[in-house]
Protein chains: 2
Amino acid sequence: MKLSTTSQYAIRVMIFISQNSDIKIFHAKEISEKLSIPYKYLTKIMSKLVEANIITSTRGREGGYSIAKKSVNIKMIDLVKAVDDSLHDTTCVLGIGLCNENKKCALHDEWREPKESMLNMFCNTTLKDVSEEAS
Amino acid sequence: MKLSTTSQYAIRVMIFISQNSDIKIFHAKEISEKLSIPYKYLTKIMSKLVEANIITSTRGREGGYSIAKKSVNIKMIDLVKAVDDSLHDTTCVLGIGLCNENKKCALHDEWREPKESMLNMFCNTTLKDVSEEAS
DNA sequence: TTTTAATTCTATATTAAAGTAGTAATTAAA
DNA sequence: TTTAATTACTACTTTAATATAGAATTAAAA
C-alpha cells in the first residue's frame, strides 16, 4: 500500500527544487546525487514533469531544469498524475472493476473514509505547504 | 496506491467463505472458479491462510478448506498480514527509511491522517462486518 | 487394496516496474 | 567553428510480483 517509486521520486524532486529557491537552475546530475535517485531514471521522470508543464527545461550547455510555476499552484496530486497516476487505482480497495455506489464491493463503505482522506490530502496539499515545513 | 493482488485475493476469498456459512468445506477449484482467481495462485494463498490459523485445511479425498474461527474474531489486517503484509510499508508515504516523529519526511504531517484512517479501517473492521453488508 | 479427489511442495514462466546504457540533439563557451 | 555540457530519445536489462506446471502427499471411497 504505497506510492510507486516513480511518484515518490517525483515528489521528492519537486520538494527539493522548491526548498532551494535560491538556485535558479538545477542539473540532473546534481539532483540525482543529492536525492540518491538513479541518474537515468531521474531524467525520465524529469521529462514527464516537463511534459506536464510543472518543470521547464533548457537544453544544451548551461541548461538544466527549473520550476515552471509558483509552488503554491502545484498540488501533490499534479505530481503523481504527471508521472504515473498511481493514485488512480485507489478507487476500489479490492481491485474490482465494477465497484461504485450502485454496485459496491464488500469493503466499499469502510474504504470510503480512508480513500477520501488520502485523496483530499493529495488534492489539497500544495508543494508550498510541504516545502515550508521544518523537520 | 493499492493493496497487492495477493492481499485483494485473500480478502475476497475470506469474504466469500464467510458469506456462505451454509457450506462447511470449500474446494480450491470451487473458490477459484467462483472468484476468478487462478487456481494455482489461489492454493498458494490458501496455504498462507492455513499457516496463519485463519483457515483449516483437510487433505485427501473429501478434503478442503474451512474457516478456523468466528468471522467476528478475524480482522482485515490479519488477512493482509497473513499473506504479504502489503500494508506494512504504508509507514512513510515518500518511502524514506528514516521517517518518524523525530525526523519527519516533508509529507509526514499531511500523511498522518490518511495513514491512520487506513490502518484504523483495517484494524477495526472484522470479517463479520464486511460479510454482512448488502450490496 | 486400488483409485480418486483433494491439498502441499518445488520449480518454472510471464509481466510490469524499476533501473541502466548509449546515442542524438541542443546550445553556450572557448 | 570546435568543444564541452547539458537534456531528449530509444533500446535494453534486472528485479519482484504474479501466474503456471507438475509431482508428491494424504485420506476417503470404491
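On a predicted model such as this, the values are computed, not experimentally measured, just so you know.
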Return one dot-bracket line describing DNA chain D 5' to 3' (Watson-Crick or G-U wobble pairs, both distances under 3.5 Å; ( ) same strand, [ ] crossing, | another strand, . none).
||||||||||||||||||||||||||||||
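- Counting only residues at least two apart or in different chains, salt bridge (Lys or Arg N to Asp or Glu O under 4.0 Å) contacts with residues 59-78 of chain B are absent.
- Contact annotation for A/Thr43: no contact, since no heavy-atom pair falls under 4.0 Å across all strands.
- Residues meeting the side-chain hydrogen bond (donor to acceptor under 3.5 Å, both in side chains) test with A/Glu51, sequence neighbours left out: none.
- Residues B/Val50 and B/Leu35 share a hydrophobic cluster, clusters being chains of Ile/Leu/Val/Met/Phe/Trp/Tyr side chains in contact below 4.5 Å.
- In this structure, the side chain of B/Trp111 does not engage the main chain of A/Met118 through any donor-acceptor pair within 3.5 Å.
- Computed from coordinates, the B/Ile45 CD1 to C/dT7 C1' distance equals 15 Å when rounded to whole Å.
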With sugar-phosphate taken as primed atoms, P, OP1 and OP2 and all else as base, the protein-contact string of nucleotides 17-30 of chain C at under 4.0 Å (heavy atoms; B, S, -) is -SBBBBB-BBBBS-
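- As a whole-Å value, the separation of A/Ile25 CD1 from D/dA5 C1' is 12 Å.
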Could you walk me through whether A/Thr126 and A/Asp129 pass side chain to side chain donor-acceptor pair (under 3.5 Å), step by step?
CA-CA 5 Å; A/Thr126 70; A/Asp129 295 330; 3.1 Å; yes
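- D/dA28 atom C1' lies 12 Å from atom NE2 of B/His27, rounded to whole Å.
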Under the side-chain contact (heavy atoms from CB on, under 4.5 Å) rule, what do B/Tyr65 and B/Thr56 come out as? Steps first, then yes or no, please.
CA-CA 6 Å; B/Tyr65 302 105; B/Thr56 50; over 6 Å; no
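- Between the CD1 atom of B/Ile37 and the P atom of D/dA19 there is a distance of 10 Å, rounded to whole Å.
- Just one residue in the list B/Asn124, B/Thr125, B/Leu87 forms a side-chain contact (heavy atoms from CB on, under 4.5 Å) with B/Met76, and that residue is B/Thr125.
- Contact annotation: B/Ser57 reaches the phosphate of C/dT8 (side-chain N/O to OP1 or OP2, under 4.0 Å).
- For A/Thr91, there are no side-chain hydrogen bond (donor to acceptor under 3.5 Å, both in side chains) partners, not counting sequence neighbours.
- Under a hydrophobic clustering in which Ile, Leu, Val, Met, Phe, Trp and Tyr are joined whenever their side-chain heavy atoms come within less than 4.5 Å, directly or via other members, B/Ile25 and B/Tyr39 fall into different clusters.
- More than 12 heavy-atom neighbours from other residues, nucleotides or ligands sit within 6.0 angstrom of NZ on A/Lys115.
- Straight-line distance from the CE atom of A/Met46 to the P atom of D/dC9: 14 Å, rounded to whole Å.
- A salt bridge between B/Glu33 and B/Lys29 is present, with a side-chain N of the basic residue lying under 4.0 Å from a carboxylate O of the acidic one.
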Between the protein and nucleotides 13-16 of chain C, which nitrogen or oxygen pairs come in under 3.5 angstrom?
none

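- The NZ atom of B/Lys48 sits 14 Å away from the C1' atom of C/dC9 (whole-angstrom rounding).
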